[in-house]
Amino acid sequence: MVRWNRLAGVLSPLVAVAAAFLVGGLVVLAIGESPIRIYAILFRGAFGSVDGVGHVLFNACPLIFAGLAVAFAFRAGLFNIGGEGQLYIGSFVCAWAGLALVGVPAWIAIPLLILAAAAGGGLWASIPGVLKARFGVHEVINTIMMNFIAIGLTSYLVINVFKEAGQMTPQTVEITAGQLPRLAGPLRAIGIPLPLANPLNASILIALAAIWLAWFILYRTTFGYEVRAVGLNPQAAENAGINVRRTIVLAMVVSGAFAGLVATNEIMGFRHRFLDNFSSGLGFMGIAVALLGKNTPVGVLFAALLFGVLNTGALEVDVFTDVPRELILVLQAVTIILVVVGNEVLARKLRAREARVALEAAGEAS
Amino acid sequence: MFELVVLDSALRMATPLIFAALGGIFSERSGVINIALEGILLTGAFASVVVTYYTGDPWAGAFAGVFAGMLISLIHAIVSIVFRADQIVSGVAINLLAMGATQFLTWIIWGSSANSPPVQGMAHWGLPESWGAIARGVNAVIGHYPPLVYIALASVVVAQVVLFRTPFGLRLRATGEHPEAVDTLGVSVVRMRFSGVLLSGALAGLGGAFLALNTHQFVKNMSAGRGYIALAAMIFGKWNPIGALGACLLFGYAEAVQMGLQGRDVPTQFVQMIPYVLTMVALVGVIGRARPPAAIGKPY
Amino acid sequence: MAGGPAIEMRGITKRYPRVVANDRVDLEVADGEIHAIVGENGAGKSTLMKVLYGLTPADAGVIRLKGKKLEKHRPADAIRAGLGMVHQHFMLVDTLTVAENVILGEEPRRNGVLIDAAAARERVESLSAEYGFELDPAEYIENLSVGLEQRVEIVKVLYRGADVLILDEPTGVLTPQEVKELFVILRALRNSGRTIVFITHKLDEVIELADRVTVMRDGRVAGVVEASATTKEELARMMVGRDVLLRVSKDVAAPGPTVLEVAGLTAVGRKGREVLSGIDFEIRAGEVLGIAGVQGNGQTELVEVITGLRKAAGGRVFLNATDITNRSPRQIRDLGVAHVPEDRQARGLVLGFTIAENIALGRHHREPYSRHGHLRLDAMREHAAELIDENDLKPRDPDAEARHLSGGNQQKLIVAREFDCEPSLLVASQPTRGVDIGAIEFVHQSLLGMRDAGAAVLLVSAELSEIMTLADRIIVMYGGRIVAAFDGGSVSEEELGVFMTGAGGGGGAGAGEGAGEAGRAGTPDGTGAPEAMH
Amino acid sequence: NTGDDATEVDAFRVGMVFDVGGKGDKSFNDSAYRGLLRAADDFEVEHTEFEPGQDADRETGLRKLAQAGYDVIIGVGFLFSEAMRNVAVDYPDVNFACVDFDVRPGETLPPNLAGLRFREEEGSFLVGVLAAMYSKTGRLGFVGGMDIPLIHKFEAGYVAGARYVDPGISTTVAYAGTTPQAFADPARGKELALLQFGRGVDVIYHASGSTGNGVIEAAKEVGKTAIGVDSNQNYMAPGNVLTSMVKKVDNAVYMTVQAALEGTFEGGLREFGLEDEGIGYAVDQYNEDLITDEMLAKVEEAKAAIVAGEIVVPKR
Ligand SMILES: Nc1ncnc2c1ncn2[C@@H]1O[C@H](COP(=O)(O)OP(=O)(O)OP(=O)(O)O)[C@@H](O)[C@H]1O
Ligand SMILES: Nc1ncnc2c1ncn2[C@@H]1O[C@H](COP(=O)(O)OP(=O)(O)OP(=O)(O)O)[C@@H](O)[C@H]1O
Ligand SMILES: [Mg+2]
Ligand SMILES: [Mg+2]
């Protein structure tokens, strides 16, 4: 029965995704387009070429970080809606460090910038963490408020303090220190024809490492054990001598650090500048990714890949058809709703099954 | 700072917040967290513009806003009450859905996913000027703001009475505190929670309608975080209509002051942070000890 | 006993995952009688009543109320049919007033829409006057004692015009005096023509109050007897299915040096009320100190202060002469204090963790479970497997989630874990609450084993008989103070009961206060502070 | 007007990518779109448009269009500058044009990339002149969209124009925000305008995309006047829109398509100002009653002075 549980746990999101596509197809049909054509274009965009696959990974990369941020906090019983703010601050601090380290060789600069990104996001997330731990203020509201504040703050800094001189675009000058290499070169060397212009860069490797790290912290360290205990039952955790407040703050810091690592893709790997307002809701998509991935590190990977596929395909659909990208947003929302509903229905089915088994067992006994 | 124009502006800025916060109160008092207010506002705004666009009647539009708000909150109700899924998750998904669907439909109807054409706004209430001084006097009282501003204020009073003076309100509050108790007394928890969530959809939908009709247009994502601010106002006001009204006025005022302060050498970005910082400070200082309905967020 | 039966249930079956709570149960309650239902924990009593009341649908069976068939009914239908239920866990809304709780769902109206508050107040006043309840309709439930809460529940039922009353374990949380008062009320109700079903674990009460008794075992009916024609022993045998030893044998204590010393301890609760006032006592190695008292008189807070979960406002706590006042729970644990918390699911276990992970809880940061911050899962599993064997835990799988364990096994898991660390002080709160006789025996034997191995044991229990059986010395708490102290065996349950209500003489600080003003039960998270008495 | 197959490349195809605010903003983006539609009509070219969702999509989207064989690709808004720069060098056969191109000091553009820039400050100066002459209270207002240097140009020109008429005139300045959303928030635009009107301002110039719809709405509501931007917005509230500072993005787009079609496309920076009618102010049947001959004379005088270089309009 346990095996069946697990299988069902994997199957239910898949079924939900399929059902969401069905709903999306109906919507497309309703506006007089052919769902088959639209989906064909969508998947051609994502899988039709090495370039497309590269874009899928590139698009999935920041979602992995944002998703891990939400999932990790969730394990501590915290709902971190502040990924957006944390990734802005993390990216800004990363950019700042990059500007300060001009001329420093990559092997020193890269680790420092990664650290700066994590520290920035972590620090920002520590504020709602402390407010929660110290004053019991619900983190949902504070993280939302701090998103607005982070966006305003970085906006001020980039426009009024760090902007490239003589430019309208609200962005910093190019950050030459600590750039992550793009992967097209190495991949071509081993025979994978990724176009040189493809933005896929080494940040995806950091993302994969982050997934492993999140898993390792949660399930192989004392701290992770405490995080999970606090998330599942703070009172029991307290009784067991775990410092619940400290764990909450630290969990928020780790969560924010993951969010901050979005900078490795945006700042270090792709744009090499901090652009005001670059994110357009990555932090919020992280929530969806985490939910879809059932708040496990590996689940986050797959959910981020799915969203990467959708986002990549969405652009293709947007550019080459009359159906706008918002269809994909609808698709993503429907997926989430169906996943949560599906989980609940599944859980009920399982309970009913257990009850039946119990009754049969009782029947045999008597 | 206490200029009349700033206060006027504050009241108008507060109006969508008031509707949404009242909505939040009804939902949360019944035990269902409603983070979907943001999406409901957006849906209400969109629907009101569509209907006003086709009928030319902003009141029909407002009605449509109410209806659409209820429709989308019905999803929240079904997912979180019938299927007992996590309420925050459901809310987040609905916000995403509202964002995608309104843009998608805007594109289908008007060919741009960002903007609707302008539509008729609501005429201010008032007597004909030809009636003389009396009319002018009356108009000064009821004609100064768009009608929905008055309706928002009236809704606060009605909500307060409904919550604390009627059987429905008593049952609703009890449902949010102790659903089992309500159930054992023969009152359907599911029905109470549906009522709470649908009412929140109606109210927040009307808030969205105000937002759009007051600007005579739908613009993508025009709720712009107001649903979240309303949520904060609701908590700030300790889940009481009157309290929430106070909080909404405070936020509206902060925003109005912020707009009025501009051009006085304070960077825009910092001035714009005022409501958010204020909320955080208030949460720490005043609200930290506020007690939400005991059974909130727990499926029954 | 004129006419047909008031309640007739036939072949009721109700299954839950992993358990059949009611298995073809028949119940017949005559009109105008007091009918008791007894049975062990989990025997299915509450389930049967929930089915009757329409809270949970049965999987099979027929229900008749005063001859009328109830089908697929909801509580609303049951209420209309004249049924009223006082639940094991009170169904009161804390933030509402007495009157609001009473009228909820059947509100008197004014102008058709508004609640007629005046009428509500009058009805509550007249109903409580009728039975001498002395309830203030405008008081909030959160300010009431458990005894008063129960009266509110009864008024709720009477307000709805019920003539068949179900009371699920009404005496579990009451002092002996309150129980007496309740019985007076119940008899008065019967004499006014009402039918009463009441569930209890206390066989004395059954013999004293009931006309007839239905005994349940493992979800089935084990028998129906006339109360006047049976004995406690017979009922116990029917309940358990074998002869029951109602006594634990224990050797005389051989106390050693002082392990725990509490001096002048005070603590402050919510709203700044003093919840502990000047508590002084000590426990020596090799003895059991029992704390008796009605729930909510500071026992919870005392345990929390000792274990570091709550800050003391004044006074000192010493463990083996080390001052541990206001140290962190971890420091206190590391100094050799073990704690079996009163609410096993809220404080004792992480239900989402496996057995192995729960076994490590509290010592997870030390060898062998952790090394340099790295969790050692193998060590956890190995040790868990050992403890499972030693304590006969079921299931025998270290990777099973704690939530899938039965209540008794959950408690055994906590006891196994806490006793495993060879503490010098063991604090055990309500260690046998809600567990069945087999598990109780295990816990009691283990406690005495710890004592005999030289640990100091602080035992807090609402079960007077448990305290009487296990404790070498007994103190009674009332209103946050110690109001009496005895040597084990030198005092009777009745005497203890008197002190527990604060009515005892002997200069007890709480003396002279009415039982009605006793603090309300502490909530599991310890935030529900009792009212200070002065 | 779609082409999802890269091989059928008979027709001449134009791709357009929009900025924040999007199609239907009645202002900047719509102006560009109008130019595209006009070109499509006149030259029978195929066209497609899209609005990128996230930053990285700008470059990717441009590349997709280029790969699919589009002949001309037009980015509307300075946010496309960087992406255009990167993509243009990879597709030398495709003609790229970027409205409001954000040029780096000393940068030379590849021959297939045209940067289309406008001297908005010059047009803003002229509407400033009109505003100052029209104002009865002597208090002017300005509502900007996003608080960025591009919009500061509008503000600076406007203020200078007003001072040209009346050195003592006051201008109240407000910005809708610091995020791109500031160009698409009519609700905020309306409140900002009502605040300024409430404080005695009687003419407000907006440079804020669809946020400005709210400004115009407010003018209508309280019976004051607004000045439109980018597109001719006079029709939106006849009698309440004093004039519009038109930035003829439509013409620039039209000319770009035409040049590409005729093989005369030239890369490099191209600046449009008053002298070539790339910038102007609008007088039409909707506002002719508001503009007196005296005002017309004065504004034409200023225009001539600017074109002649006698007035140098500040940019910040
Ligand atoms: N909602 C439920 N879901 C699953 N199992 C349940 C549920 N309610 C009760 N049970 C199980 O049904 C059985 C009977 O429970 P019930 O509450 O009727 O026992 P009881 O006789 O009232 O016990 P107690 O004396 O402890 O109150 C128990 O094994 C219990 O665990
Ligand atoms: N509320 C509940 N929800 C789900 N399962 C439950 C619930 N209550 C009990 N169970 C399951 O029912 C089974 C029986 O539980 P119960 O507590 O009645 O055990 P028990 O027979 O009394 O055992 P023990 O003697 O160890 O206490 C357990 O396996 C438990 O997992
Ligand atoms: Mg029971
Ligand atoms: Mg049991």
Side-chain angles (χ1 to χ4, degrees), chain A residues 1-3 5-6 9 74-77 136 213 215-247 250 254 294-296 347-366, chain C residues 13-21 23-24 59 218-220 304 307-309 328-334 337 339 341 343-353 357-358 360-366 369-377 380 397 399-403 414 417 524-526:
Chain A
M1 183 155 349
V2 169
R3 257 220 327 267
N5 275 353
R6 219 169 258 172
F74 193 88
R75 288 285 155 191
L213 185 68
W215 171 85
F216 184 81
I217 293 177
L218 280 174
Y219 298 102
R220 289 293 181 274
T221 67
T222 316
F223 168 62
Y225 174 94
E226 298 194 344
V227 166
R228 287 183 296 129
V230 167
L232 288 166
N233 187 345
Q235 290 185 29
E238 185 191 16
N239 191 45
I242 294 170
N243 188 332
V244 175
R245 292 178 171 190
R246 203 190 59 188
T247 307
L250 287 180
V254 174
K294 301 203 163 170
N295 295 302
T296 65
R348 274 189 212 181
K349 281 262 149 59
L350 286 179
R351 275 200 296 272
R353 225 176 97 102
E354 281 181 28
R356 223 172 30 246
V357 171
L359 188 73
E360 277 153 20
E364 277 158 27
S366 59
Chain C
T13 296
K14 174 72 196 175
R15 46 185 191 265
Y16 283 120
R18 293 162 210 266
V19 64
V20 183
D23 188 5
R24 286 157 292 171
D59 299 316
D218 283 346
R220 302 183 192 177
E304 285 176 350
T307 53
L309 295 168
S328 74
R330 172 161 295 174
Q331 289 172 323
I332 292 173
R333 270 185 176 272
D334 287 353
V337 175
H339 178 203
D343 187 328
R344 60 175 166 263
Q345 297 200 341
R347 275 228 191 258
L349 292 172
V350 176
L351 290 178
F353 270 6
E357 285 172 318
N358 269 299
L361 199 63
R363 278 175 298 152
H364 58 273
H365 59 294
R366 297 199 314 222
Y369 303 130
S370 279
R371 188 176 291 162
H372 309 305
H374 181 252
L375 210 58
R376 301 182 63 223
L377 296 180
M380 273 189 190
D397 174 9
D399 292 329
E401 270 186 32
R403 79 169 79 254
I414 295 172
R417 174 183 77 210
D525 62 2

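First the proteins, then the strands, lettered A, B, ... as listed; each starts at 1.
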Notebook entry, point to check: Between A:F216 and C:H374, does a ring-ring contact (aromatic ring centres under 6.0 Å, His included) hold up when you go through it step by step?
Noted result: CA-CA 9 Å; A:F216 184 81; C:H374 181 252; 5.7 Å; yes

Note to self: Rounded at 0.5 Å granularity, tell me how far OG in C:S328 sits from CD in A:E238.
What the structure shows: 10.5 Å

Note to self: Looking at C:D218, I want to see if its CG is surrounded by more than 12 non-hydrogen atoms of other residues, nucleotides or ligands under 6.0 Å.
What the structure shows: no

Next item on the list: Decide, yes or no, whether a salt bridge links A:E226 with C:R330 under the criterion of side-chain N to carboxylate O below 4.0 Å.
Entry: yes

Item checked: Minimum-distance pair of heavy atoms, taken over all atoms of C:L361 and A:A236 -> CD2-O, 4.4 Å

Checklist line | Distance, nearest 0.5 Å, that separates CD of C:E401 from CG of A:L232 | finding: 8.5 Å

Note to self: Return the CZ to CG distance between C:R347 and A:N239, rounded to the nearest 0.5 Å.
What the structure shows: 5.5 Å

Notebook entry, point to check: Got a donor-acceptor contact below 3.5 angstrom from the A:Y225 side chain to the C:E357 backbone?
Noted result: yes

Next item on the list: Return yes when atom CZ of A:F74 has more than 12 non-hydrogen atoms of other residues, nucleotides or ligands closer than 6.0 Å, and no otherwise.
Entry: no

Checklist line | Heavy-atom closest pair, residues A:R228 and C:L375 | finding: NH2-CD2, 4.3 Å

Item checked: Proximity breakdown for C:Q331 and chain A, heavy-atom pairs closer than 4.5 Å -> neither

Next item on the list: Look up atom CG in C:L377 and atom CZ in A:R220, then write down how far apart they are to the nearest 0.5 Å.
Entry: 4.5 Å

Next item on the list: Measure the shortest side-chain to side-chain distance between C:H364 and A:I242 over non-hydrogen atoms and say whether it is less than 4.5 angstrom.
Entry: yes

Notebook entry, point to check: Does C:A346 offer a backbone N or O that forms a donor-acceptor pair with the side chain of A:N233 under 3.5 Å?
Noted result: yes

Checklist line | Closest approach of C:P329 to A:G241 (non-hydrogen atoms, all atoms of both residues) | finding: CB-CA, 3.8 Å

